[in-house]
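Have a look at the structure below, then the notes.
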Amino acid sequence: MSAATAAPAQGAAATPVPPLIELRGITKTYGQGATAFQALKGVDLAIEAGDFVAIMGPSGSGKSTAMNTLGCLDTPTTGEYRFRGVPVQSLSRDERARLRRRYFGFVFQGFHLLARTTARENVELPLVYRGEPRAQRHAAAQRALEAVGLAAWADHTPGELSGGQQQRVAIARAIVTEPQVLLADEPTGNLDSQRSHEIMELIQRLNRDYGITVLMVTHEHDIAAYAHRIVHFRDGVVEQVQHNGAAPAAQGAA
Ligand code: ADP
């Protein structure tokens, strides 16, 4: 996976590369009239390729709404969302779905694996939707399972795996399409502390070694500490952006 670089045209001033993700004045209103509720009230956020951002905030502060917007699962009511410079709000539903499938991988708190299906088949699923031939699916799934340290478990069903292993299968499924962005919604919410840190070390490695941009919602400060930046939401706005000096593992390596 390589980050795209823009070569400036000869004789012309270098065009600045737009951030990977740019939110400007994003609002989201649910419902209409007297029951309307504004979940996002004007969010500005720029995220560069390769960044690792944790989103924190009290329940109801707009984190999920922001994640759904960022992941092209939902559209804002007003404001501008540019992904790689492309105004997402001007895309059709199908174009948005294509953009989502091409550039995003999703990981959820609850793993969402198919129970009677092997780890490999679970990981292959996004490639089945893409219509990739069987042999290629198989090889890509095996590579993704290797990347999460589960190559030897490819033929096991989720019921035969621990919670931490199941989440690693879900991460393999999220990265099998080689996404540019990994969106993780409380990825450690169902795991004990040791498994949580193992999962975070894996996500950190994907960010560092593959350059995958990570956007993650979490309630835990020690989990958010893996990120480069922590964006705090409150009442539908970004209240504060906190820069982490270095993520835990990077501190040791520096
Ligand atoms: P968080 O993820 O921080 O808990 P959400 O983004 O889920 O916050 O929700 C923000 C606010 O928007 C909450 O008050 C919630 O009740 C409201 N909300 C979220 N989704 C909907 C919806 N589909 N319809 C109406 N209100 C919603």
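Counting starts at 1 for both ligands and their atoms, in listed order.
Residue pairs meeting the ring pair (Phe, Tyr, Trp, His ring centres under 6.0 Å) criterion with at least one partner in residues 22-43, sequence neighbours excluded, are absent.
From the protein, the heavy atom lying nearest to atom 4 (O) of ligand 1 is G60 N, 2.7 Å. With hydrogens left out, the protein atom closest to atom 25 (C) of ligand 1 is Y30 CB, 3.3 Å, a heavy atom. For atom 8 (O) of ligand 1, the closest non-hydrogen atom of the protein is G62 N, 3.2 Å. Among protein heavy atoms, the minimum distance from atom 3 (O) of ligand 1 is reached at K63 NZ, 2.8 Å. Ranking the protein heavy atoms by distance from atom 14 (O) of ligand 1 puts F37 CE2, 3.4 Å first. Distance from atom 5 (P) of ligand 1 to its nearest protein heavy atom, with residue and atom name: T65 OG1, 3.7 Å.
Using a cutoff of 4.0 Å between basic side-chain nitrogens and carboxylate oxygens, E239 and R234 are scored as salt-bridged. At a threshold of 4.0 Å, the pair R93-E95 does not count as salt-bridged, since none of the basic side-chain nitrogens sits closer than that to a carboxylate oxygen. With respect to the salt-bridge test (charged N to carboxylate O, under 4.0 angstrom), the residues R195 and E198 qualify.
At least one donor-acceptor pair under 3.5 Å links the side chain of K63 to the backbone N or O of G57. Proximity of a side-chain donor or acceptor of R100 to a complementary backbone N or O of C72 within less than 3.5 Å is detected.
The shortest heavy-atom distance from G57 to ligand 1 is not under 4.0 Å. Under a 4.0 angstrom heavy-atom cut-off, P58 registers as being in contact with ligand 1.
Of the listed options A39, G236, A66, S64, S64 places a heavy atom closest to atom 7 (O) of ligand 1.
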Anything under 3.5 Å between a donor and an acceptor, one on a side chain of residues 125-137, the other on a protein residue two or more places apart or in another chain? List them.
residue	atom	partner	partner atom	Å
R130	NH2	R101	O	3.3
R137	NE	E124	OE1	3.2
R137	NH1	E132	O	3.2

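Note that atom 16 (O) of ligand 1 has no protein non-hydrogen atoms nearby, at separations under 4.0 angstrom.
Residue S61 has at least one heavy-atom neighbour below 4.0 Å for each of these atoms of ligand 1: 1 (P), 3 (O), 8 (O).
Taking the six-membered ring for Trp and thresholds of 30 and 60 degrees, F108 and F106 have nearly parallel ring planes, at less than 30 degrees apart.
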